[in-house]
Amino acid sequence: MPDTVDLAAAARKLFAGTWDFRHAANTLEALPPPDGVEIALAGRSNVGKSSLINALTNRNALARTSHTPGRTQELIFFSANAPLTLVDMPGYGYAAVSDKKVKAWTRLIHDFLRGRVNLARVFVLIDARHGLKTTDDAVLKTLDQAAVVYQIVLTKADEVKPTELERRIAETQEKISRRPAAFPHLIATSSRDGTGIDELRATIAQILAERGGLAA
Ligand code: GTP
Ligand code: MG
């Protein structure tokens with residue numbers, strides 16, 4: 001990455017633009033052609049994926065959110081002007097919809113994560129109150145086997161006390177330390193109070209810079 005790129009400034013610029021919905025796909029055939037750099041947000045239903053997209057992009061309702069698990073039912077692509085696309089994903093685990101639907105989109109999640117050529121990183125979101133659960137194992141395994149780099153992002157940090165958050169960070173870091181494709185550093189966020197949002201934006205700007213997608 002060129003030293004001349006000021007990541008904080010680049011991140012501000014990247015997310016100051018107007019982010020828009022570009023595409024929705026509920027099958028592999030319906031995916032847009034791979035173009036530019038994609039970063040996907042994966043995680044259990046209701047963990048806060050869509051809310052985090054809204055926080056990152058400074059928009060209240062760009063991605064649809066709900067307190068009912070199972071809100072996002074397709075892969076949803078968002079972008080601004082830069083060659084970066086953020087992909088909101090359906091959740092895995094429990095969802096308040098039919099088993100058939102959950103099965104279909106779980107297959108889609110795994111196929112997309114292992115096969116998307118321009119996927120630069122996957123943020124795997126984990127609720128800061130609960131930590132990693134066995135329901136997260138399948139997706140981590142898919143990413144490890146496909147050698148797609150993923151980074152854990154704790155969500156809803158506003159719901160836990162600072163000491164509990166520190167404990168959850170340490171415990172999660174330890175759990176992923178031997179996973180081959182896991183990025184070692186994790187980021188604690190809250191879409192509600194803004195914790196970690198600038199750090200996540202800077203991380204995204206860095207990924208884009210590493211891929212040559214950020215002008216100095
Ligand atoms: P699915 O699309 O159903 O998989 O859910 P999702 O992961 O996209 O979660 P979503 O963003 O829809 O948020 C789920 C619920 O969590 C909503 O009620 C949000 O208001 C709440 N939520 C999201 N982020 C935060 C956060 O940072 N703090 C708190 N306290 N609540 C949050
Ligand atoms: Mg969602």
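Residues: numbered from 1 along the sequence shown. Just follow the structure's listing: the first ligand is 1, and inside any ligand the first atom is 1.
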Could you tell me whether a side-chain N or O of [X] sits under 3.5 Å from a main-chain N or O of [Y], the two making a donor and an acceptor?
| X | Y | result |
| --- | --- | --- |
| Lys49 | Arg44 | yes |
| Ser190 | Thr195 | no |
| Asp136 | Lys133 | yes |
| Trp105 | Leu75 | no |

Which protein non-hydrogen atom lies closest to [atom], naming both residue and atom, and how far is it?
| atom | result |
| --- | --- |
| atom 22 (N) of ligand 1 | Lys156 CE, 3.6 Å |
| atom 28 (N) of ligand 1 | Asp158 OD1, 2.7 Å |
| atom 20 (O) of ligand 1 | Arg192 NH2, 3.4 Å |
| atom 9 (O) of ligand 1 | Gly48 N, 3.2 Å |
| atom 5 (O) of ligand 1 | Asn46 N, 3.0 Å |
| atom 4 (O) of ligand 1 | Lys49 NZ, 2.8 Å |

Flag side-chain contact, heavy atom, 4.5 Å: Leu56 against Trp19: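 A side-chain contact under 4.5 Å is absent here.
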
Please classify the [X] to ligand 1 contact at 4.0 Å (heavy-atom distances, strictly less than): side chain, backbone, both or neither.
| X | value |
| --- | --- |
| Val47 | both |
| Pro69 | backbone |
| Glu159 | side chain |

Considering all heavy atoms, the nearest Val47-Lys156 contact: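 Residues Val47 and Lys156, closest heavy atoms: O-CE, 3.4 Å.
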
To check you understand the geometry: which heavy-atom pair defines the closest contact between Met89 and Phe112, and what is its length?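 That closest heavy-atom pairing would be CE-CD2, 3.8 Å.
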
Considering Ser191, Gly43, Ala42, Pro90 one by one, which has a heavy atom nearer to atom 27 (O) of ligand 1 than any of the others?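 Among Ser191, Gly43, Ala42, Pro90, the closest heavy atom to atom 27 (O) of ligand 1 comes from Ser191.
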
Tell me whether Asp137 at atom CG has more than 12 heavy atoms from other residues, nucleotides or ligands lying less than 6.0 Å away.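 Check passes, neighbour count above 12.
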
For atom CZ of Arg129, is the number of surrounding heavy atoms from other residues, nucleotides or ligands below 6.0 Å larger than 12?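 Counting neighbours around CZ of Arg129, more than 12 heavy atoms of other residues, nucleotides or ligands fall under 6.0 Å, so yes.
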
Which atoms of ligand 1 sit under 4.0 Å from any heavy atom of [X]?
| X | value |
| --- | --- |
| Gly91 | 4 (O) |
| Ser66 | 12 (O), 13 (O), 14 (C), 15 (C), 17 (C), 18 (O) |
| Ser51 | 10 (P), 11 (O), 13 (O), 19 (C), 23 (C), 24 (N) |

Based purely on interatomic distance, does Gly70 place a nitrogen or oxygen under 3.5 Å from a nitrogen or oxygen of ligand 1?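 It does: an N or O of Gly70 is found under 3.5 Å from an N or O of ligand 1.
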
When only distance counts, is Arg64 in polar contact with ligand 1, meaning an N/O pair under 3.5 Å?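 Checking ligand 1 against Arg64, no N or O pair falls under 3.5 Å apart.
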
Hphob cluster co-occupancy, Ile126 + Leu52, side-chain heavy atoms under 4.5 angstrom: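 Cluster IDs for Ile126 and Leu52 differ.
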
Side-chain heavy atoms under 4.5 angstrom apart, residues restricted to Ile, Leu, Val, Met, Phe, Trp, Tyr: same cluster for Ile187 and Ile204?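 Same hydrophobic cluster.
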
Between Val97 and Gln73, does a side-chain contact (heavy atoms from CB on, under 4.5 Å) hold up when you go through it step by step? CA-CA 10 Å; Val97 295; Gln73 307 198 348; 3.5 Å; yes

Around the Mg ion (ligand 2), how many protein N/O/S atoms fall inside 2.8 Å?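 Number of qualifying protein atoms: 2.
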
Just checking, is any N or O donor in the side chain of Arg114 or Gln145 under 3.5 Å from an acceptor N or O on the other one?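 Per modelled atom types, Arg114 and Gln145 side chains form no pair under 3.5 Å.
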
